[in-house]
Amino acid sequence: MRQAWHIFLKDVRRLRYELIVILAMTAAYAWLQGHWSPLYSAQNGRVNLTAGLLRGFLLPMAWWYLASLAVYGEPLPGDRQFWVTRPYRWTSLLGAKLLFIVAFVNFPLLLADCFILTLQGFHPWANPGGLLWHEVAVFAVLLLPMLALACITTSFARVVLVVLAIIVSIVVLETVLSPFGDAMMVGISVGGVWDGSLVCLVLLSAALAIMILQYRARRTGVSRMIFVAAVLLVLCGGRILPRDTSFALQSCLLKSHLDTASIAAVFSPGSGPPPTESPAPQGTVRVSLPVRLYGVPSGTTAVVDAMWTELTLPNGKPLNTSLFFGETPPDTVWHDALVERSVFERWKSTPVRLHLTIHLTVLGNPHTEDMPLGGGPRRVPGVGLCEFDLQGPDRAALSCRAPFRQPAYVLARFDRYDKEVPREQQRVDYSPYPAEFGISPISEYSWPVPTGATTLAFTTMKPLAHIRRELDIPKVQLAGFAN
Amino acid sequence: MSVVRTRELSKSFRHTHAVEKLNLEIPEGSIFALVGPNGAGKTTTIKTLMNILRPSAGTAEVLGTNSRRLGAAEFSQIGYVSENQELPLWMTVDYLMSWLRPFYPDWDNAWAEELLRQLDLPRGRRLQELSRGMRIKAALASSLAYHPKLIVLDEPFAGLDSLVRDELIEALLERCAGATVMISSHDLAEIETFASHIGYLDDGCLRFSEEMSSLAARFREIEITFDEPPPLPTPWPQGWLDPTQSAAVLRFVDAQFNADSTPAEIRQAFPSARAVSINPMPLRAIFVSLAKSARKAA
């Protein structure tokens, strides 16, 4: 411990000027983010823009630079380093670097979080779990990978080159993998949360492995291979995590013992016309398939998180459709498939086999709060601090902010609706974590407000169960569902 | 007792064999000079011993510990200085010394002060502002201040002027009594003045390793004068290196000179010799002839 402290003090002395600049940047960010406001004005615009620039680019880059410089004090790759034949204990050296990052990135960020929360109207210690998780997430998912990258490079210029190479790889992979993305269009949040968690887990594991390998034995070749493998996993991993696994993981976390056996999904051809949609893209036909949910326990509601369709032709071959997504009015779930017009024309009158997989979340414990639109910011229990912003004669928005994360489920129901803005709008975030990943401790979200609306009612609910239902309809004529 | 011992130590870089099956022993208290031409594998050998590089095969022991397991305890007894070492250039000489002090339980403040004074190091200047020679002196001072049991110097005199070289050698000899010194150098003339043992590395292989006194005793330059150029004996004796003949004079190096038997062997091989001159050789001449023979053999 004494040696780690000795190395830490040396790094502080060596990087004192950089530290002053970065701490000043953190203080500036804290002040600007603390004065962040959703209300539209030139002054707010400047403050928000600068805070966004600091939060989204300058501070992470500065931290990255600092982490790299700290590691380069005792560089790991190469065979000419002065320190490798000195009596350093690897645990002390690694501990000193981690201490440095905690002291000059995490601790100032913690203070900044408290300052921002206070200025934004929240008590900083009201949610200690969120505060702690926020710091841990930034450290584990952002700072540790930065340190690990510095462990396998010899200069910040090389780090930048590596990052550029990764960005190019992402662009290439996005291009290569985009057909899969279009074909499956995973529903809301659950998949994203777990794909994100998988990415974070890969990043964290690789970063830890690289740091331990490098500081313990300076195995740069092996460490670089781990880095490349982790990058490839991250680039591909988020896309190949089986969707069912995501939902299974999500279900495991729920402790509720709600009996969901009564909930059934039924194909309902007689459900009337589908909700108004924008026209299908040229050369395609929209096929809207109605599904009704029955048996949802009283006091709860079921929300479709994701839905997948497989259409099989009489000859057993799958029918290629380019896009699937779900639409969920209150009682009927409309599932849309875009089918190429030529394919549709050929098969529209032939009965095809339809297989539907639906992932649902059952929500309960509703709590409703009314809020007049106008006046100053209002604290809405379970939602956050909400503010109405008249941005123009026919443009208004409702902006809410909450510490660390948004609620799992919020439904906003306005007393009016218009052509552009529906009466009911929902937000879903089933993330199991007490804080969202990000630099700011404030989670901000907004709704467009229908013209002429004067009040709204917020309903918050908690997820009670995640369930999966399968539907198999042997004969469906697509012509009957085209719109 | 050997302070350094290697067994079949090899180090390869992709398809290049830098060191091959090296068997080396450095006795305690010796000043061991590792010499050889450029690219012979001296620096690679030292870096492998210091656990800077991983051996491809074989093992090395330093101070009784496998080189792969050298850690803080062993390095607190080893002083390593290399010509191409990357020092923390932002530090001043004073800060370098005070920074390193807590790492070494045996750090001797008084001795460190004396080293700085005698090596005439500017204490308040940053290492990046110092000349190359001054930096090596600073590295040496920081490596001697804790009375290391083993001092490893990799080409410490390369590119230094003779004054600085003399100062370094003086510092080394005066202050390292009892320590084992391993030094690699091209500067054979300097090595000759103080090394007690010598190892010759060529093309990654250790050609020999022995005491300086026995090396000096077994190498002789032989010059034979004839009335007429004689035919050379076939086969040419193995220990007679680098033969050159000009008119009636034949010169070669005898690598296995024996004062009792060699003159008779020469007479037997060259019965027509008019005069035989046997001269001791400086270290530099020995290695030039060794390098030439190795090149011819290759």
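In the text below, chain A, chain B and the rest are named by the order of the sequence lines, each starting its count at 1.
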### Task
Heavy atoms only: give me the nearest B:Ala72-A:Arg89 pair and the separation to one decimal.
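Nearest pair, atom of B:Ala72 first, then A:Arg89: CB-CG, 3.9 Å.
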#### Entry: Over all atoms of both residues, closest heavy-atom pair of B:Met50 and A:Thr85
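Heavy atoms only, the tightest pair is CB-CG2, 4.0 Å.
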Check this for me: [X], atom [atom1], are more than 12 non-hydrogen atoms of other residues, nucleotides or ligands nearer than 6.0 Å?
X	atom1	answer
A:Phe57	CZ	no
A:Arg16	CZ	yes
B:Arg68	CZ	yes
A:Tyr65	OH	no
A:Trp5	CH2	no
A:Arg14	CZ	yes
A:Arg55	CZ	yes

### Message
Suppose a student defines contact as a heavy atom less than 4.5 Å from any heavy atom of chain A. Which residues in residues 140-151 of chain B would they list?
### Response
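At a heavy-atom separation under 4.5 Å, chain A is reached by B:Ser142, B:Ser143, B:Tyr146.
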### Side-chain donor/acceptor of B:Lys47 to backbone N/O of A:Asp79, under 3.5 Å
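Checked: pair present.
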#### Entry: Greatest number of heavy atom pairs closer than 4.5 Å to chain B - which of A:Lys10, A:Gln81, A:Gln3
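It is A:Lys10.
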### Query
Hey, what's the ring geometry for B:Phe103 with A:His6, parallel, tilted or perpendicular (30° and 60° as the breaks)?
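It falls in the perpendicular class, over 60°.
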### Query
Between the side chains of B:Tyr104 and A:Arg86, is a donor N or O closer than 3.5 angstrom to an acceptor N or O?
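Yes, A:Arg86 and B:Tyr104 have a side-chain donor paired with an acceptor closer than 3.5 Å.
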Is [X] close to chain A through its backbone or its side chain, or both, or neither, when contacts mean heavy atoms under 4.5 Å?
X	value
B:Trp99	both
B:Leu89	neither
B:Ala139	backbone
B:Ser82	neither
B:Ile52	both

### Message
Can you tell me which portion of A:Arg219 sits under 4.5 Å from chain B's heavy atoms? Options are side chain, backbone, both or neither.
### Response
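For A:Arg219, side-chain heavy atoms alone lie under 4.5 Å from chain B.
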### Message
Between B:Leu100, B:Ile78, B:Leu70, who has the most heavy-atom pairs with chain A when the cutoff is under 4.5 Å?
### Response
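Most pairs with chain A among the choices: B:Leu100.
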### Query
Taking the side chain as C-beta and beyond, is there a heavy-atom pair between B:Glu86 and A:Arg80 under 4.5 Å?
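B:Glu86 vs A:Arg80: side chains touch.
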### Task
Give the intermediate values and the outcome of side-chain contact (heavy atoms from CB on, under 4.5 Å) for residues A:Phe82 and B:Met91.
CA-CA 13 Å; A:Phe82 152 82; B:Met91 289 185 185; 5.8 Å; no
### Message
So, taking the atom named CH2 in A:Trp83 and the one named CZ in B:Phe75, what distance separates them when rounded to the nearest 0.5 Å?
### Response
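Between atom CH2 of A:Trp83 and atom CZ of B:Phe75 there are 10.0 Å.
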